[in-house]
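We name chains A, B, ... by the order of the sequence lines, and we start the count at 1 in each one.
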Amino acid sequence: MTVVTRIAPSPTGDPHVGTAYVGLFNYVLAQKAGGRFIFRLEDTDRNRYNPDSEARIVSMLRWLGLTPDEGPEMGGDRGPYRQSERLDLYRQHAEMLLASGHAYRSFETTEDLEAMAREQKWHGRPQGYDGRGRSVPREEQERRASAGEAHVIRLRTPDDGETTFKDSVRGTIRWPNSELRDTVLLKRDGYPTYHLAVVVDDHLMGVTHVIRAEEWISSTALHIHLYRAFDWDLPLFVHLPLLRNPDKSKISKRKMNTSLESYRDQGILPEALLNYLATLGWSMPDGREFFSLKELVDTFILERLSAGEPVFDIKKLRHFNAKYLREILSLDELADRVEPHFRAAGYSWDDEDYFLDIIDVLRPRTETLNDFTEQARYFFDNDFPYQEEARKRLSSAQKYLEDLERQLSMLEFYDYDSVEDLLREYVQSQAVGMGKVLQPLRAALTGRTQAPGVSDLLTILGKQRVLQRIGRALNAINAGLPDDHPQKEKETSDKGERRAGATG
RNA sequence: GGCCCCUUCGACUAGCGGUUAGGUCACCGCCCUUUCAAGGCGGCGGCACGAGUUCGAAUCUCGUAGGGGUCACCA
């Protein structure tokens, strides 16, 4: 039997990091087994439906590289893949259950149910639908339905005994049937609830492994009764632990950033996100922490999934991302990722090596793609502002800068060793500490006090830019170092970030 | 509240009867050093608790506690 898994998000809003998490393991298992990975849209809630959402989810899956084998876009043999296009199927199946006596039509109004709930609460009785509709005779149900009376179809669940099922992460789970309610299968509006739709679709689509979040455990017994009512074979249930907020509650956008798009826009790499997500609940047998999707597929086994309750730690995600930026990606790969951000920020360059050198020297200083844009500004803007701390360094360094300007103008080739030697010799001649001279020079070259090594800066910027910048700094010193660019700094900064973010 | 799930350093985890309980993030210190990083080295810090089972429990069983999920005509 070929393994079939699926990711079944609801198009209700921003593509969620939990979708990526669950999608990852569904994708990986299907790949591992040479099976199929289905994308199905669970759009049965007309109130929460968001028309943009589907395309955005698809786009995020593509960004992550979790490409489905079947889905609304690419089609497949078991479609349609939007539940809203399968309404007839659900109605037919609900009727099958009606016919076999496993379900009944239920006519309570919202008010009736609210009154019931109030009463239950008042008496401290168990919450939920009490099955009162069961007692309405079958003929009466049909008569009222034919007369057009609004109603739902509910599953008739057992009142006692227990339902056991195997969860591949936790082992056997026993569920008292007394906890089961006669859950709505088909809503008043003719749309199915999740419970009916998921069971019908998973069966019809041949899903063999239901890999979903832990929050569904409490519905699984109900689903099993549906499978039984239809006389269908059970899939294997794999309930992944729920991702958590720092306070351990279920991950939510109220408490932290759950938006995939936002992570992309911050300059998080998809492979880093996936890698990090994989370490939440799964571990490599050899303890390796950094591995590719491919390596995960090759090594993956369900048995190594753990049932813990992992906190989604953005700091650690950033660490993973940084690791990819400076060690895992090659310089060329990295440059390909950074280039669009630079273009969006309005940076331009004629010399590809200049661009690559910048990426290389900034690499150990960045955690996200966006960090490059911010930190590289002075490489592309000769008119950069001097930050407050940098002005302080410049103010007492006129002599050094004049000497250095003279000496550097006599140096023909700016290779690393030459400028390094020149600098060292000069500093030695002045009998002062390196920082005394190099900090002002760094400030002159970048407008900042925190930047790459001065010799790197000189080498990368090259003679012309270096002399121009020292000259400019000297002018500024002569002018008393007025704070002449506060507007510009802000403006440039805003512009860069906004543009870079929008392009992602 | 009922039911279910979970429980190893602050966080993510390895461990599947005998280990000085290992790794990673974070944090701290040292080294490197012209700044900031990166990197190297080191440190801090944990088996929730209580009973059993066993020659021997982080590992098995039960209980307690804590955390979480769920009890919708939302998924």
Side-chain angles (χ1 to χ4, degrees), chain A residues 8-12 42-45 47-48 106 108-110 113 117 121 124-129 150-154 167 169-170 173-176 178-181 183-195 197-198 212-221 239 241-242 244 246-250 276 279-290 304 306-313 315-320 322-323 326-327 361-367 375 389-390 393 423-424 427 433-443 446 448-455:
Chain A
S10 287
T12 53
E42 310 231 326
D43 58 345
T44 57
D45 185 338
N47 296 320
R48 293 203 305 155
S106 174
E108 293 78 17
T109 62
T110 307
L113 297 177
K121 205 162 190 175
R125 294 270 65 203
Q127 304 283 293
Y129 186 70
H151 65 283
V152 300
I153 294 178
R154 289 180 186 271
D167 175 274
V169 180
R170 295 152 240 269
I173 294 176
R174 312 165 73 88
W175 201 270
S178 58
E179 292 300 311
L180 261 22
R181 300 288 174 262
T183 311
V184 171
L185 262 19
L186 208 62
K187 298 185 264 189
R188 189 180 296 260
D189 63 7
Y191 279 66
T193 59
Y194 171 80
H195 306 293
V198 75
R212 76 221 310 189
E214 184 185 5
E215 57 189 329
W216 295 111
I217 287 180
S218 53
S219 301
T220 303
H239 288 102
L242 229 28
R244 310 294 177 138
D247 68 3
K248 286 279 187 181
S249 57
K250 176 164 94 169
Y276 172 62
T279 65
L280 266 28
W282 198 81
S283 58
M284 277 284 179
D286 62 6
R288 230 176 335 152
E289 296 216 284
F290 297 99
R304 289 195 67 82
S306 64
E309 303 174 327
V311 171
F312 187 82
D313 181 352
K315 266 188 161 174
K316 193 159 184 179
L317 201 214
R318 292 176 71 88
H319 167 78
F320 268 69
K323 195 82 172 174
R326 59 182 175 247
E327 286 180 31
V361 78
L362 254 24
R363 233 192 324 186
R365 297 172 168 78
T366 54
E367 284 191 321
Q375 293 189 36
E389 282 302 306
R393 295 294 196 290
L423 255 24
R424 287 192 184 282
V427 169
M434 295 284 272
K436 197 79 178 161
V437 175
L438 298 185
Q439 281 287 56
L441 180 54
R442 174 178 287 105
T446 66
R448 308 180 183 204
T449 53
Q450 299 181 359
V454 169
S455 296

Peer 1: For the residue pair A/Ser106 and A/Tyr129, what are the closest heavy atoms and their distance?
Peer 2: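 Looking at all heavy atoms of both residues, the shortest contact is OG-OH, 3.2 Å.
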Peer 1: Taking the nucleotide of RNA chain B with the nearest heavy atom to each, does A/Gly281 or A/Gly308 sit closer to the 5' end?
Peer 2: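 Nearest-nucleotide comparison on RNA chain B picks A/Gly308.
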Peer 1: Which part of the nucleic acid does A/Arg212 contact within heavy-atom distance under 4.0 Å: base, sugar-phosphate only, or nothing?
Peer 2: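 Since no nucleic acid heavy atom lies under 4.0 Å of A/Arg212, the category is nothing.
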Peer 1: With a 4.0 Å cutoff (strictly under), does any side-chain N or O of A/Arg304 reach OP1 or OP2 of B/G15?
Peer 2: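 It does, given that an N or O in the side chain of A/Arg304 lies less than 4.0 Å from OP1 or OP2 of B/G15.
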Peer 1: How close or far is atom C1' of B/C73 from atom CG of A/Leu113, stated in whole angstroms?
Peer 2: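 Atom-to-atom, A/Leu113 to B/C73, this comes out as 8 Å.
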Peer 1: Specify the separation, in whole Å, of atom CE of A/Met434 and atom P of B/C32.
Peer 2: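 Answer to the nearest Å: 15 Å.
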Peer 1: Does B/C36 have a Watson-Crick or wobble mate here (both distances under 3.5 Å), and if so which one?
Peer 2: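 None - no nucleotide pairs with B/C36, as no candidate has both distances under 3.5 Å.
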Peer 1: With both distances under 3.5 Å as the test, what is the Watson-Crick or G-U wobble partner of B/U19?
Peer 2: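 Base-paired to nothing in any strand shown.
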Peer 1: Measure from CZ on A/Arg174 to P on B/U70 and round the result to the nearest Å.
Peer 2: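 After rounding, the gap between these two atoms is 24 Å.
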Peer 1: Can you establish whether the number of heavy atoms outside A/Arg288 located under 6.0 Å from its atom CZ is more than 12?
Peer 2: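 Correct, the count exceeds 12.
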Peer 1: Round to a whole Å and report the spacing from CG of A/Leu280 to C1' of B/U24.
Peer 2: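 Spelled out: CG on A/Leu280 to C1' on B/U24 is 12 Å.
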Peer 1: Between A/Arg170 and A/Asp167 (salt bridge meaning N to carboxylate O under 4.0 Å), is one present in this structure?
Peer 2: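 Result for this pair is yes, salt bridge flagged.
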Peer 1: Expressed as a whole number of angstroms, how long is the span from A/Glu289:CD to B/A26:C1'?
Peer 2: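 Those two atoms, CD and C1', are 13 Å apart.
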Peer 1: Would you call the rings of A/Phe290 and A/Phe320 parallel, tilted or perpendicular, where under 30° means parallel and over 60° means perpendicular?
Peer 2: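 Rings of A/Phe290 and A/Phe320: tilted, as their planes differ by 30° to 60°.
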Peer 1: Side chain of A/Ile217, heavy atoms from C-beta onward: which of B/C73, B/C5, B/C71 has the nearest atom to it?
Peer 2: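 Minimum distance to the A/Ile217 side chain belongs to B/C5.
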Peer 1: Please work out if A/Pro440 contacts a base, only the sugar-phosphate, or nothing of the nucleic acid, heavy-atom cut-off 4.0 Å.
Peer 2: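 Result for A/Pro440 = nothing.
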Peer 1: Given B/G69, B/A14, B/C71, which nucleotide is nearest the side-chain atoms of A/Arg181?
Peer 2: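 Ranking B/G69, B/A14, B/C71 by closest atom to the A/Arg181 side chain puts B/C71 first.
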Peer 1: So does A/Lys187 have more than 12 non-hydrogen atoms from other groups sitting under 6.0 Å from NZ?
Peer 2: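 Buried by this count: over 12 neighbours within 6.0 Å.
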Peer 1: Choosing from B/C5, B/A26, B/U34, which nucleotide comes nearest the side chain of A/Lys315?
Peer 2: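 Of all the options, the side chain of A/Lys315 is nearest to B/A26.
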Peer 1: When the distance from CG of A/Leu317 to P of B/C25 is rounded to whole Å, what number comes out?
Peer 2: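 So the CG-P distance, A/Leu317 to B/C25, works out to 14 Å.
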Peer 1: Which of the following nucleotides, B/C74, B/C36, B/C73, is nearest to the side chain of A/Arg365?
Peer 2: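 Selected nucleotide: B/C36.
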Peer 1: When you measure from the side chain of A/Lys187, which nucleotide among B/C25, B/U34, B/C73 comes out closest?
Peer 2: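 The closest nucleotide is B/C73.
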Peer 1: Which nucleotide, if any, forms a Watson-Crick or G-U wobble pair with B/U70, using both distances under 3.5 Å?
Peer 2: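 Pairing partner: B/G2.
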Peer 1: If we call it a pair only when both distances are under 3.5 Å in a Watson-Crick or G-U wobble match, what pairs with B/U59?
Peer 2: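 B/U59 is unpaired by these criteria.
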Peer 1: How long is the line joining CD of A/Gln450 and P of B/A38, in whole Å?
Peer 2: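 From A/Gln450 CD to B/A38 P: 12 Å.
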Peer 1: Do you know the tightest heavy-atom contact between A/Ser249 and A/Asp247?
Peer 2: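 Here A/Ser249 and A/Asp247 meet closest at OG-OD1, 2.5 Å.
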Peer 1: Of the nucleotides B/G68, B/C4, B/U34, which one has an atom closest to the side chain of A/Leu438?
Peer 2: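 It is B/U34.
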Peer 1: Could you tell me whether A/Glu179 contacts a base, only the sugar-phosphate backbone, or nothing, with contacts defined as non-hydrogen atoms closer than 4.0 Å?
Peer 2: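 Here A/Glu179 touches the bases of the nucleic acid.
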Peer 1: Quick one: the side chain of A/Arg48 and the base of B/C74, do they pair up donor-acceptor inside 3.5 Å?
Peer 2: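 Yes.
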Peer 1: Base of B/G67, side chain of A/Glu309 - is there a donor-acceptor contact under 3.5 Å?
Peer 2: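 Pair found.
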Peer 1: Report yes if the side chains of A/Gln127 and A/Lys121 come closer than 4.5 Å at any heavy-atom pair, otherwise no.
Peer 2: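 Contact flag for A/Gln127/A/Lys121 side chains = yes.
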Peer 1: Which of the following nucleotides, B/C74, B/A11, B/G68, is nearest to the side chain of A/Val311?
Peer 2: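 Selected nucleotide (nearest to the side chain): B/A11.
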Peer 1: For B/G45, give its Watson-Crick or G-U wobble partner with both distances under 3.5 Å, or none.
Peer 2: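 Partner of B/G45: none found under 3.5 Å.
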Peer 1: A/Leu242 has a side chain; which of B/C6, B/G69, B/C73 sits nearest to it?
Peer 2: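 Looking only at heavy atoms from C-beta outward on A/Leu242, the closest nucleotide is B/G69.
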Peer 1: Of the listed nucleotides (B/U34, B/C12, B/A75), which one gets closest to any side-chain atom of A/Thr279?
Peer 2: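 In terms of side-chain proximity for A/Thr279, the closest of B/U34, B/C12, B/A75 is B/C12.
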Peer 1: So what does A/Ser106 hit on the nucleic acid, given a heavy-atom distance under 4.0 Å: a base, only sugar-phosphate, or nothing?
Peer 2: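 Nothing: the residue A/Ser106, judged by heavy atoms under 4.0 Å, touches no strand.
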Peer 1: Have a look at A/Glu108 and say if it touches a base, only the backbone sugar-phosphate, or nothing, with a 4.0 Å heavy-atom cut-off.
Peer 2: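 Result for A/Glu108 = base.
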Peer 1: Side-chain donor or acceptor of A/Arg170 under 3.5 Å from a matching atom on the base of B/C5?
Peer 2: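 When only heavy-atom distances are counted, A/Arg170 does not reach the base of B/C5 through any donor-acceptor pair under 3.5 Å.
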Peer 1: Kindly indicate whether the side chain of A/Lys316 and the base of B/U24 share any N or O donor-acceptor pair separated by less than 3.5 Å?
Peer 2: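 Indeed there is one.
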Peer 1: B/G69 P sits how many Å from A/Gln127 CD, rounded?
Peer 2: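 Distance check: A/Gln127 CD to B/G69 P gives 18 Å.
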Peer 1: Nearest-nucleotide wise, let me know which of A/Met284 and A/Asp313 is further upstream toward the 5' end of RNA chain B.
Peer 2: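 Its nearest nucleotide lies further toward 5', so the answer is A/Asp313.
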Peer 1: Heavy atoms only: give me the nearest A/Tyr276-A/Val311 pair and the separation to one decimal.
Peer 2: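 Closest heavy-atom pair between A/Tyr276 and A/Val311: OH-O, 3.7 Å.
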Peer 1: Taking only the side-chain heavy atoms of A/Lys248 (C-beta and beyond), determine which of B/C12, B/G39, B/A75 contains the nearest atom.
Peer 2: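 Looking only at heavy atoms from C-beta outward on A/Lys248, the closest nucleotide is B/C12.
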Peer 1: What is the nucleic acid contact for A/Pro176, judged by heavy atoms within less than 4.0 Å: base, sugar-phosphate only, or nothing?
Peer 2: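 Since only primed, P, OP1 and OP2 atoms lie under 4.0 Å of A/Pro176, the category is sugar-phosphate.
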